[in-house]
Amino acid sequence: MSALRLSPELAAWAQLAADLVNTRPRPTDPPEKLSGVEDVERLLAASPEPAPAVGPGDVARFRGLREPLLAAFEAEGVEAFAEAVNPLLGRGAGGWRMAPAAGGWALGPLAPPRPADWFGAGAARGLAELVIAYGIDRLHVCAADDCLCAVADVSRNGARRYCSRTCANRTNARRHRHAR
Ligand SMILES: [Zn+2]
């Protein structure tokens, strides 16, 4: 397998998609980790592009992105993956508009997308570019059976099985104990 062709920006978006999905309450980690504007802002701090300002009304919309993004991580094949990401991709840009600007005319977005739509499109694009370049195997669920975190593997060799070093170490320690 050749070295990763994905740009650092797209890799960051794919990672952000996993980060957002992993704020969800799940059996292995029940607390809600996206409860307020500060949580969304913490997520956006890792964005490779300047992030729009978010307000209290955006929090629920960001939470609403988790289900379609999780469906993308859990997709069995590329077609199911495309079905999950296409609605998110379509909500990104709202068209263009030519308008007078300082010193002449300029093209600008018709209306800036809502922050959650902007984020959803960027995250979906990162995942889609990863899958197009490397295949659906790059998206999976953490190999630690007590975790259930989504993993977007943007590593060079595509051998990332765990969401974090913590999960890898915990699982290896347990295997070691079992072996003895
Ligand atoms: Zn994990």
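Remember, it's 1-based here, ligands and their atoms both numbered in the order they're listed. Only a predicted model underlies this, so the values are computations on that prediction, with no experimental measurement involved.
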| said: Could you walk me through whether E74 and L139 satisfy the side-chain contact (heavy atoms from CB on, under 4.5 Å) test, starting with their C-alpha distance in whole Å, then the side-chain angles of each, then the deciding distance to 0.1 Å, before giving a yes or no? | reply: CA-CA 8 Å; E74 292 179 340; L139 303 182; over 6 Å; no
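- When all heavy atoms of W118 and A51 are compared, the pair lying nearest together is CH2-CA, 3.6 Å.
- Excluding water, every protein N/O/S atom under 2.8 Å from the Zn ion (ligand 1) is given here by residue and atom: C142 SG, C147 SG, C163 SG, C167 SG.
- In this structure, the separation between CD on E129 and CG on L10 is 5.0 Å, given to the nearest 0.5 Å.
- Under the side-chain hydrogen bond (donor to acceptor under 3.5 Å, both in side chains) rule, T23 has a single partner from R63, R66, E32, which is R66.
- Sorted by first and then second residue, the side chain to side chain donor-acceptor pair (under 3.5 Å) pairs involving residues 33-57 (not counting sequence neighbours) are W13-E49, D29-K33, S35-D39, D39-R42.
- Rounded to the nearest 0.5 angstrom, L44 CG and L20 CG are separated by 9.5 Å.
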